[in-house]
A.B. asks: 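Take this structure first; my questions come after.
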Amino acid sequence: KYNLAFKLLVRTRLDLEKNAKKILRKIDKKIIDEYNIKYIKSYVQAGSGSLPIENIDSIALTFQSKKKKPTIISSKFRLSNNPTIGYIKGNKFHIDLKAIPNDQISILIDTIINCLG
């Protein structure tokens, strides 16, 4: 039996894109439009320390609102019932799907709806 870190890292970008599409299908279009929710190609880094050397293909959800700064969106997710950590880059809040186990996709969907709905 593989450990969680290994299971998360071996998923392909295509697997993660399928998860992103599943998430977007479950979110109300009004929320998607208001927060301009999309998915993009991203990279995560394996390892620890100050200089991780391995970039791994991933997919991230991005959130951008004309009404709310990315720091506010990030705070909503961190303070939710299911705290979700992302990052801010290019004036957008990102949640990288490489870090979300497949069996927690429905929890992420609920969290997005609860934080932004």
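Computed over heavy atoms, backbone and side chain alike; hydrogens, waters and symmetry mates excluded.
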A.B. asks: Applying side-chain hydrogen bond (donor to acceptor under 3.5 Å, both in side chains), can you list everything that pairs with Arg78, at least two apart in sequence or on another chain?
C.D. replies: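 Partners of Arg78 by the side-chain hydrogen bond (donor to acceptor under 3.5 Å, both in side chains) criterion, ordered by chain and then number, come out as Ser74.
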A.B. asks: Mind jotting down which residue pairs meet the side chain to side chain donor-acceptor pair (under 3.5 Å) criterion with at least one end in residues 22-32? Sequence neighbours excluded, please.
C.D. replies: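 Matches after skipping sequence neighbours: Lys29-Asp33.
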A.B. asks: Nearest 0.5 Å please: distance from the NZ atom of Lys67 over to the OH atom of Tyr35.
C.D. replies: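 Reported value, rounded in 0.5 Å steps: 8.5 Å.
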A.B. asks: Under the rule for side chain to side chain contact (heavy atoms under 4.5 Å, CB included), what residues qualify as partners of Asn91, not counting sequence neighbours?
C.D. replies: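 Side chain to side chain contact (heavy atoms under 4.5 Å, CB included) check on Asn91 returns Gln64, Pro70.
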A.B. asks: Quick one: salt bridge (charged side-chain N to carboxylate O under 4.0 Å, His left out) pairs with a partner in residues 80-91, sequence neighbours left out?
C.D. replies: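 The answer is none; no pair qualifies.
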A.B. asks: Who pairs with Ser42 by side-chain hydrogen bond (donor to acceptor under 3.5 Å, both in side chains), at least two apart in sequence or on another chain?
C.D. replies: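 Counting only residues at least two positions away or on another chain, Ser42 forms a side-chain hydrogen bond (donor to acceptor under 3.5 Å, both in side chains) with Asp96.
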A.B. asks: Check salt bridge (charged side-chain N to carboxylate O under 4.0 Å, His left out) between Asp57 and all other residues, then give those that pass, not counting sequence neighbours.
C.D. replies: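 Residues passing salt bridge (charged side-chain N to carboxylate O under 4.0 Å, His left out) with Asp57: Arg13.
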A.B. asks: Heavy-atom distance under 4.5 Å between the side chains of Leu97 and Ile23, does that happen here?
C.D. replies: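 The answer is yes; the side chains approach within 4.5 Å.
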A.B. asks: What residues, two or more places apart in sequence or in another chain, satisfy side-chain hydrogen bond (donor to acceptor under 3.5 Å, both in side chains) together with Thr84?
C.D. replies: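 In terms of side-chain hydrogen bond (donor to acceptor under 3.5 Å, both in side chains), with neighbours along the sequence ignored, Thr84 is linked to no residue.
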A.B. asks: Distance check, rounded to the nearest 0.5 Å: Lys92 atom NZ versus Ile37 atom CD1?
C.D. replies: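 One gets 12.5 Å once the value is rounded to the nearest 0.5 Å.
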A.B. asks: State which residues pass side chain to side chain contact (heavy atoms under 4.5 Å, CB included) with Leu79; sequence neighbours excluded, sorted by chain then number.
C.D. replies: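 Leu79: side chain to side chain contact (heavy atoms under 4.5 Å, CB included) contacts with Ser75.
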A.B. asks: Start with the C-alpha distance between Gln45 and Asn55, add both sets of side-chain angles, then the distance that settles side chain to side chain contact (heavy atoms under 4.5 Å, CB included), and finish with yes or no.
C.D. replies: CA-CA 5 Å; Gln45 294 180 326; Asn55 283 331; 3.2 Å; yes
A.B. asks: Determine which pairs satisfy ring pair (Phe, Tyr, Trp, His ring centres under 6.0 Å) with at least one residue from residues 93-117, sequence neighbours left out, and list them in order.
C.D. replies: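 Checked against ring pair (Phe, Tyr, Trp, His ring centres under 6.0 Å) - neighbours excluded - the pairs reaching residues 93-117 are Phe63-Phe93, Phe77-Phe93, Tyr87-His94.
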A.B. asks: Would you say Tyr39 and Lys21 make side-chain contact, with heavy atoms under 4.5 Å?
C.D. replies: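 Heavy-atom side-chain distance check passes, below 4.5 Å.
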A.B. asks: With the side chain counted from C-beta on, respond yes when Ser65 and Ile73 share a heavy-atom pair under 4.5 Å apart, and no when they do not.
C.D. replies: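 When only atoms from C-beta onward are counted, Ile73 and Ser65 do touch, with a gap below 4.5 Å.
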A.B. asks: State which residues pass side-chain hydrogen bond (donor to acceptor under 3.5 Å, both in side chains) with Lys76; sequence neighbours excluded, sorted by chain then number.
C.D. replies: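 Lys76 satisfies side-chain hydrogen bond (donor to acceptor under 3.5 Å, both in side chains) with no other residue.
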A.B. asks: Can you find a pair of side-chain heavy atoms, one from Lys38 and one from Leu61, that are under 4.5 Å apart?
C.D. replies: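 Answer no - side chains too far apart.
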A.B. asks: Which atom pairs, donor and acceptor, lie under 3.5 Å between side-chain atoms of residues 100-112 and protein residues at least two apart or in another chain?
C.D. replies:
{"residue": "Asn102", "atom": "OD1", "partner": "Arg11", "partner atom": "NH1", "Å": "2.8"}
{"residue": "Asn102", "atom": "OD1", "partner": "Asn19", "partner atom": "ND2", "Å": "2.9"}
{"residue": "Thr111", "atom": "OG1", "partner": "Ile107", "partner atom": "O", "Å": "2.8"}

A.B. asks: Quick one: ring pair (Phe, Tyr, Trp, His ring centres under 6.0 Å) pairs with a partner in residues 95-117, sequence neighbours left out?
C.D. replies: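 Listed by first then second residue: nothing to list.
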A.B. asks: With hydrophobic residues grouped by side-chain heavy-atom distances under 4.5 Å, do Ile95 and Ile113 end up in a single group?
C.D. replies: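 Cluster IDs for Ile95 and Ile113 match.
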A.B. asks: List the atom of Lys41, the atom of Ile59, and the distance in Å for their closest heavy-atom pair.
C.D. replies: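 Smallest heavy-atom distance, with atoms named: CA-CD1, 4.1 Å.
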